[in-house]
Amino acid sequence: MKIIVTGSLGNISKPLTEKLVKAGHQVTVVSSNEDRSAEIKALGASPAIGSVNDVKFLTDTFTGADAVYAMIPPNFTAPNWRAYIGGIGSNYAEAIKASGVKKVVYLSSIGAHLPTGTGPIAGIHDGEETLNALTGVAIKHLRPAFFYLNFYGNVDMIKHANIIGSNYSGKMVLVHPEDIAEVAAEEIQSDFTGKTVRYIASDERTTADIAAELGKAIGKPNLPWVEFNDDDAFNGMVQAGLPEEIAKNYVEMGTAIRNGKLQEDYEKHKPAALGKIKLEDFAAEFAKAF
């Protein structure tokens, strides 16, 4: 198969590319960074250097492909984060239609069943809706849970305040990029039809568990999880250097975790099996980076 992987050599796209190349497929990796070309070639894939804002570039790259893995790269400078995310989703849809691609695996998110109230995930929801409007194209929406990697954003808090927390607490559904890549590779190589959703999770734990396991791994066994109010969470993010637009969206997403709305559809359609990488495994990774 000829497969296009967007997302350059990110946390999901790199292991996905490795898996697809190993399986014998012809893989092209989309990146905006020319400096990534050598590393992409070293994986056995071909680089396509250009911007996801350029529909002609995407169309030319997608033309002749059997399948596309579509993910929306982060942009923390976007003045309207939802509009940016939804806009890239529209670019993908336009290029998919123009290029004649018939199979797409889209990196969505837990909570994407909701049209509002989920911060940046609302833009991913918009992307799902736009792709679902395409006719004659099979779409598999992957809805991974909360990324373990998000906890790297708490390193300074842990180091300077000896706490970890956000504007939510309680049960969380967690996922590792490697487990997402495993599912993405499986789906790309399968013969799915229609427009369908698949949830991906590695572990289900409480925020108290998260604090305990991360704390134990870094030599802070009494590390507490602290739930902040929304204003304090927003102010803390801004003081840490996040743009107000991004902080506002993260607070809204945290509120959706706190009230359970983010996870409600996941609870109804849980994956048949959880991924391999558990909280304790990630804690070991976290400790090495800490």
I need the minimum non-hydrogen distance between [X] and [Y], along with the two atoms involved.
{"X": "L131", "Y": "K195", "answer": "O-CE, 4.1 Å"}
{"X": "E227", "Y": "N167", "answer": "CG-C, 4.0 Å"}
{"X": "T59", "Y": "S99", "answer": "O-CB, 3.7 Å"}
{"X": "E244", "Y": "F234", "answer": "O-CE1, 3.6 Å"}

Please confirm whether the backbone N or O of [Y] pairs with a side-chain atom of [X], one donor and one acceptor, at under 3.5 Å?
{"X": "D281", "Y": "K278", "value": "yes"}
{"X": "N259", "Y": "T255", "value": "yes"}
{"X": "S90", "Y": "G86", "value": "yes"}
{"X": "K103", "Y": "I188", "value": "yes"}
{"X": "E187", "Y": "V183", "value": "no"}
{"X": "E213", "Y": "L279", "value": "no"}
{"X": "Y92", "Y": "M71", "value": "yes"}
{"X": "N249", "Y": "E245", "value": "yes"}
{"X": "D179", "Y": "K276", "value": "yes"}
{"X": "S37", "Y": "E34", "value": "yes"}

Scan side-chain atoms only and decide if [X] and [Y] contain a donor-acceptor pair under the 3.5 Å cut-off.
{"X": "S51", "Y": "D54", "result": "no"}
{"X": "H141", "Y": "N132", "result": "yes"}
{"X": "S31", "Y": "N33", "result": "no"}
{"X": "N229", "Y": "D232", "result": "yes"}
{"X": "H113", "Y": "E264", "result": "yes"}

Q) For Y69, what residues pass the ring-ring contact (aromatic ring centres under 6.0 Å, His included) criterion, not counting sequence neighbours? A) none
Q) For F147, which residues count as a ring-ring contact (aromatic ring centres under 6.0 Å, His included) partner, sequence neighbours excluded? A) none
Q. How about F151 and F286: are their ring centres within less than 6.0 Å of each other?
A. no
Joint cluster assignment, [X] & [Y], ILVMFWY side-chain distance < 4.5 Å:
{"X": "V21", "Y": "V105", "answer": "yes"}
{"X": "F146", "Y": "V197", "answer": "yes"}
{"X": "V101", "Y": "L134", "answer": "yes"}
{"X": "L262", "Y": "F228", "answer": "no"}
{"X": "Y250", "Y": "L114", "answer": "no"}

Q.
Walk me through whether D66 and K102 qualify under salt bridge (charged side-chain N to carboxylate O under 4.0 Å, His left out).
A. CA-CA 7 Å; D66 297 299; K102 298 302 181 184; over 6 Å; no
**Q.** K140 to Y106 six-membered ring, cation-pi geometry met (6.0 Å, 45°)
**A.** no
Q. Going through the distances and angles, do F57 and F62 end up as a ring-ring contact (aromatic ring centres under 6.0 Å, His included)?
A. CA-CA 9 Å; F57 161 73; F62 292 177; 8.3 Å; no
Q. So D230 and R258, salt bridge (charged side-chain N to carboxylate O under 4.0 Å, His left out) or not? Walk me through it.
A. CA-CA 11 Å; D230 290 350; R258 185 177 70 232; 2.8 Å; yes
Can you tell me if [atom1] on [X] sees more than 12 non-hydrogen neighbours from other groups inside 6.0 Å?
{"X": "K56", "atom1": "NZ", "value": "no"}
{"X": "E94", "atom1": "CD", "value": "no"}
{"X": "K220", "atom1": "NZ", "value": "yes"}
{"X": "K261", "atom1": "NZ", "value": "no"}

**Q.** L107 and its side chain to side chain contact (heavy atoms under 4.5 Å, CB included) partner, picked from I180, L16, I72, T6
**A.** I180
Q: Kindly assign one of parallel, tilted or perpendicular to the pair Y168 and W225, based on the angle between their ring planes and the thresholds 30° and 60°.
A: tilted
Q. Do the non-hydrogen side-chain atoms of I210 and L174 ever get within less than 4.5 Å of each other?
A. yes
Q: Could you please spell out the steps behind the salt bridge (charged side-chain N to carboxylate O under 4.0 Å, His left out) verdict for E186 and R198?
A: CA-CA 12 Å; E186 176 190 327; R198 180 173 175 179; 3.0 Å; yes
Q: Begin with the C-alpha distance, continue with both residues' side-chain angles, and end with the deciding distance and a verdict on salt bridge (charged side-chain N to carboxylate O under 4.0 Å, His left out) for K216 and E280.
A: CA-CA 10 Å; K216 182 167 63 176; E280 290 79 4; over 6 Å; no
